[in-house]
Amino acid sequence: MKKRVKKAISVLISLMLVISSALPSYAFAESNFKIEERQNPFYAGKEISYSTLDSLDASKHSTSRVLGSHTYYTEGVELYKALRNKLVNRDEDFKLYYLSTSRVFVESVLDKIEKIYVNATDDAISQSPIDGDYIRWVVASFGIEPYSNTRYLNETYKDGYYYYTFNLRFSYYDTANEEKQVDSVVNSFVDSIDTNALSDYEIIKKIHDFICSKTTYDYDAANNSSGREYAATAYGALVKGECVCQGYAVAFYRICKELGYNARFVSSDPHWGCHAWNIVQLDDNYYFVDTTWDDGFIDDGEKDNAYRYFLVDYKSLRADDSYRSEHVLDDDYYDDEYFWENYREKLDANEYNSKNKDLFSQSIISLSKNKYVYSGSSNKPSVSIKTDGEIKNYSVSYKNNKNPGMATVNIMSEDGKSILSHRNYVIVPKKMTSLSLADSGRTDSSITVKWTKPAESVSGYRIEVYKNGKWNAVKTVSSSVTSAVISSLNPASIYSFRIKSYSSYSKRNFYGESSKTYKTATKPKKPTALSISTKAKSITFKWKKVYCTGYQIQYSTDKSMKNAKTVTASSSAVSKKISKLKKEKKYYIRVRAIKNYESASGKSCVCYSLWSAKKSIKCK
């Protein structure tokens with residue numbers, strides 16, 4: 001026990017150390033002003049008088065007005081989502097367009113930004129595993145470019161509204177590139193889970209085991225967080241393999257949400273208990289999970305205690321706490337009405353009983369189909385439940401089961417009032433129509449392809465090229481475009497392309513079937529005209545060789561090449577003699593290269609280079 005308490009004390013100081021010493025000081029590149037900065041209020045242990053943890057009214061929408069080329073929003077869901085999307089992308093310097101019926105004072109602007117930030121990370125408007133708690137705890141600080149020394153911000157007043165452009169800077173404990181690496185690890189793990197063969201309990205246990213196997217507690221970061229801010233993130237837990245309690249907790253939250261389980265990041269008083277862990281829902285009840293402390297036992301070789309803090313009740317969770325009460329929920333954040341109604345009232349009074357086979361979470365729940373192609377109609381796979389215990393009557397409901405993306409079937413109590421379990425399935429976009437060549441879409445180093453926008457809503461498109469015996473992604477574009485330039489290609493070369501659309505959920509893309517192959521070629525390079533000479537009633541024209549399948553030579557007595565005649569030459573030729581010309585007549589001549597190829601359907605096609613410069617001479 002002494003060993004465990006010693007470890008607990010080391011763990012509990014980690015969050016405080018990371019958050020107190022990792023706040024960078026920034027300056028805007030375009031000005032000499034120092035950024036006015038404020039620490040993330042959740043780290044600071046600050047009482048947020050206007051909003052506790054989750055009290056956002058998700059039905060309150062913003063009023064919007066357009067000024068210039070920008071849309072401004074009053075406080076409401078649309079404004080909060082605008083900021084949320086910036087945080088998800090780890091944007092650092094950006095503008096937020098704020099609309100108000102009253103003036104904003106300089107001394108209160110950071111309070112306003114803080115309030116918008118708190119609401120942007122609120123659980124009530126969380127839509128994916130990478131927002132909500134996940135971004136709430138990755139923000140280190142935020143700031144705004146200072147204005148003049150007047151009490152009022154720079155503003156525009158029109159028709160009863162004040163328009164403000166906030167030049168913001170947010171700092172994070174991880175980067176956009178590090179998040180991409182987290183996405184790769186998470187997606188690989190999620191894809192490895194066969195939800196049709198495992199119970200909910202087994203899936204949550206796998207998440208717990210995966211996180212504990214991927215990381216170890218970072219005592220160096222706990223002692224000195226400088227340069228080790230990643231220890232507070234999922235990047236630290238899942239990629240670097242070193243983190244503090246916050247890293248464990250956000251990683252567990254992220255993966256649970258990816259697999260569709262309701263989970264939350266929870267913490268104790270940041271100045272006293274200073275610890276973070278999770279709650280997760282099974283059988284409509286919530287249990288506590290502390291992967292940090294469980295991993296401490298594993299690292300110490302105490303495998304028998306590897307699940308001491310796995311799916312436990314509040315009493316068991318706190319049993320080994322020191323005098324600092326590491327596992328006592330911070331009532332400043334977790335005692336509001338929203339959290340009580342949605343979570344605290346559903347905390348189970350007992351530890352999870354894995355031997356109780358009557359629980360839905362002990363049953364293997366499988367779907368008749370896990371993947372659908374968008375058809376415009378709702379998709380409703382049937383549910384099969386295998387159990388050793390007695391399964392009571394239940395009902396099912398479907399969510400997001402029409403449009404491309406992640407769909408869910410909820411297994412409900414018979415009266416439909418509580419969710420007992422769930423399973424996710426995917427709806428992918430339809431097969432894309434084939435690509436075609438855009439107008440003026442061919443050069444000697446690029447091809448511009450175009451396509452028809454599908455009827456269904458998609459997130460974007462991936463264009464692939466066939467190379468080295470396989471299809472390779474060459475470009476990914478957003479759903480708002482219907483053409484793309486594929487550059488850095490070789491001249492006079494044949495390429496095969498195809499396109500597929502995709503729908504995104506979190507950082508996972510679900511692709512529809514690829515279009516038919518579109519086969520085309522780049523133009524040859526423009527040949528260089530070198531010289532021209534003449535003998536009796538003939539001229540000889542020379543050019544610099546390029547890679548192609550042949551040449552066209554065009555000649556005329558008219559400088560504009562009107563009524564020009566055309567002859568051809570093989571790909572190996574570098575000159576052409578043209579005879580039976582008129583003596584004492586001036587002739588103009590030029591050359592272009594030819595590329596012959598077959599389309600994907602076998603049709604013979606040809607493309608040409610640009611014409612060379614003209615040469616002229618009077619025929620002898």
Asks: Has Y80 got a side-chain atom pairing as donor or acceptor with V118's backbone, closer than 3.5 angstrom?
Replies: no
Asks: With side-chain hydrogen bond (donor to acceptor under 3.5 Å, both in side chains) as the criterion, how do S128 and S506 come out once you've worked through the C-alpha distance, each side chain's angles and the decisive distance to 0.1 Å?
Replies: CA-CA 5 Å; S128 78; S506 184; 4.9 Å; no
Asks: Please report the closest heavy-atom contact between S395 and S413, naming both atoms and the distance.
Replies: OG-O, 2.9 Å
Asks: For Y261 together with H422, are the ring centres under 6.0 Å from each other?
Replies: yes
Asks: With side-chain hydrogen bond (donor to acceptor under 3.5 Å, both in side chains) as the rule and sequence neighbours excluded, what pairs involving residues 202-211 come up?
Replies: S199-E202, K205-Y307, H208-D294, D209-Y307
Asks: Applying side chain to side chain contact (heavy atoms under 4.5 Å, CB included), run through V373 and I427 and close with a yes or a no.
Replies: CA-CA 5 Å; V373 177; I427 301 172; over 6 Å; no
Asks: Would E513 and K500 count as a salt bridge (charged side-chain N to carboxylate O under 4.0 Å, His left out) if you check the C-alpha gap in whole Å, the side-chain angles of each, and the deciding distance to 0.1 Å?
Replies: CA-CA 6 Å; E513 186 180 350; K500 57 177 69 173; over 6 Å; no
Asks: Just by distance, do the side chain of D269 and the backbone of D330 share a donor-acceptor pair under 3.5 Å?
Replies: no
Asks: Donor-acceptor pair, distance only, cut-off 3.5 Å: does the side chain of R84 make one with the backbone of I125?
Replies: yes
Asks: Could you walk me through whether L238 and F210 pass the side chain to side chain contact (heavy atoms under 4.5 Å, CB included) check?
Replies: CA-CA 9 Å; L238 302 178; F210 176 69; 4.0 Å; yes
Asks: For a side-chain hydrogen bond (donor to acceptor under 3.5 Å, both in side chains) check, start with the C-alpha distance between Y398 and N410, then their side-chain angles and the critical distance, and finish with the verdict.
Replies: CA-CA 6 Å; Y398 297 87; N410 288 320; over 6 Å; no
Asks: Please confirm whether the ring centroid of Y309 lies under 6.0 Å from the ring centroid of W277.
Replies: no
Asks: Just checking, is any N or O donor in the side chain of S188 or D191 under 3.5 Å from an acceptor N or O on the other one?
Replies: no
Asks: If you apply the rule salt bridge (charged side-chain N to carboxylate O under 4.0 Å, His left out), what do you find for D388 with K357, and how did you get there?
Replies: CA-CA 6 Å; D388 292 336; K357 301 304 180 182; 5.2 Å; no
Asks: Are the side chain of T121 and the backbone of R136 linked by a donor-acceptor contact shorter than 3.5 Å?
Replies: no
Asks: Keeping R423 on the side-chain end and T195 on the backbone end, is there a donor-acceptor pair under 3.5 Å?
Replies: yes
Asks: Determine whether the side chains of E326 and S322 contain a donor N or O and an acceptor N or O closer than 3.5 Å.
Replies: yes
Asks: Apply side-chain hydrogen bond (donor to acceptor under 3.5 Å, both in side chains) to residues S141 and S171 and explain how you reach the verdict.
Replies: CA-CA 5 Å; S141 64; S171 66; 2.6 Å; yes
Asks: Would you say the side chain of K115 lies within less than 4.5 Å of the side chain of E75, judging by non-hydrogen atoms?
Replies: yes
Asks: Using side chain to side chain contact (heavy atoms under 4.5 Å, CB included), reason through S363 and I391 one step at a time and then give a plain yes or no.
Replies: CA-CA 9 Å; S363 304; I391 291 298; 3.2 Å; yes
Asks: Cut-off 3.5 Å, side chains only: do D290 and H275 have a donor facing an acceptor?
Replies: yes
Asks: Under the salt bridge (Lys or Arg N to Asp or Glu O under 4.0 Å) rule, what pairs show up with a residue in residues 397-420, not counting sequence neighbours?
Replies: none
Asks: Can you confirm if the NZ or CZ of K369 lies within 45° of the ring axis of Y372 and under 6.0 Å from the centre of its six-membered ring?
Replies: yes
Asks: Testing the basics here: between R508 and N187, what is the closest heavy-atom pair and its distance to 0.1 Å?
Replies: CG-OD1, 2.9 Å
Asks: Salt-bridged, K180 to D174, with N to O below 4.0 Å?
Replies: no
Asks: Does the cation-pi check pass for R254 over Y134, that is, NZ or CZ under 6.0 Å from the six-membered ring centre and within 45° of its axis?
Replies: yes
Asks: If you take all heavy atoms of M406 and N400, which pair is closest and at what distance?
Replies: O-CB, 3.6 Å
Asks: Report yes or no: does D283 contribute a side-chain atom to a donor-acceptor pair with the main-chain N or O of S361 at less than 3.5 Å?
Replies: yes
Asks: With F142, which of L83, I116, N40, L110 fulfils side chain to side chain contact (heavy atoms under 4.5 Å, CB included)?
Replies: L110
Asks: Ring pair (Phe, Tyr, Trp, His ring centres under 6.0 Å) for F310 and Y352? Distances and angles first, verdict last.
Replies: CA-CA 8 Å; F310 179 64; Y352 182 87; 7.9 Å; no
Asks: Hey, are N379 and Y374 close enough side-chain-wise for a donor-acceptor pair under 3.5 Å?
Replies: no
Asks: Heavy-atom count around E345 CD within 6.0 Å, excluding the residue itself: above 12?
Replies: yes
Asks: Show your working on side-chain hydrogen bond (donor to acceptor under 3.5 Å, both in side chains) between S457 and N403 and close with a plain yes or no.
Replies: CA-CA 7 Å; S457 175; N403 295 317; over 6 Å; no
Asks: Are side-chain heavy atoms of I193 and I203 found at a separation under 4.5 Å?
Replies: yes
Asks: Taking the six-membered ring for Trp, is the centroid-to-centroid distance between F288 and Y314 below 6.0 Å?
Replies: yes
Asks: Hey, does V474 have a side-chain heavy atom less than 4.5 Å from the side chain of E464?
Replies: no
Asks: Is D133 reaching over with its side chain to a backbone N or O of F265, donor-acceptor style, under 3.5 angstrom?
Replies: yes
Asks: Does Y511 have R462 sitting over its ring (NZ/CZ under 6.0 Å from centre, angle to axis within 45°)?
Replies: yes
Asks: I'd like to know if the side chain of E229 reaches the main chain of Y173, judged simply by a donor and an acceptor atom lying under 3.5 Å from each other, with no hydrogens or angles considered.
Replies: no
Asks: Under the side chain to side chain contact (heavy atoms under 4.5 Å, CB included) criterion, do R264 and N278 qualify, and how do the steps go?
Replies: CA-CA 6 Å; R264 292 301 304 268; N278 299 96; over 6 Å; no
Asks: Give a yes-or-no answer on whether the side chains of S59 and D57 include a donor-acceptor pair shorter than 3.5 Å.
Replies: yes
Asks: Looking only at side chains, do T216 and D299 share a donor and an acceptor under 3.5 Å apart?
Replies: yes
Asks: Just verifying a value: how many Å separate S316 OG and L311 CG, rounded to the nearest 0.5 Å?
Replies: 11.5 Å
Asks: Is the distance between the ring centroids of Y502 and Y461 under 6.0 Å?
Replies: no
Asks: For N401 and A407, which heavy atoms make the closest approach, and how far apart are they?
Replies: CA-CB, 3.9 Å
Asks: Output, in order, the C-alpha distance, side-chain angles, deciding distance and verdict of salt bridge (charged side-chain N to carboxylate O under 4.0 Å, His left out) for K240 and D218.
Replies: CA-CA 10 Å; K240 294 287 288 185; D218 192 341; over 6 Å; no
Asks: Mark yes or no for whether Y334, through its side chain, and S267, through its backbone, hold a donor-acceptor pair below 3.5 Å.
Replies: yes
Asks: Please check if the side chain of D348 supplies one atom and the backbone of K346 the other of a donor-acceptor pair under 3.5 Å.
Replies: no
Asks: Looking only at the side chains, is there a donor atom on one of D123 and Y338 sitting less than 3.5 Å from an acceptor on the other?
Replies: yes
Asks: Please name the pair of heavy atoms, one in A221 and one in V244, separated by the smallest distance, quoted to 0.1 Å.
Replies: CB-CG1, 4.3 Å
Asks: Please determine whether salt bridge (charged side-chain N to carboxylate O under 4.0 Å, His left out) holds for the pair R169 and E92, giving the CA-CA distance in whole Å, both sets of side-chain angles, and the decisive distance to 0.1 Å.
Replies: CA-CA 5 Å; R169 169 162 287 182; E92 295 180 349; 5.7 Å; no
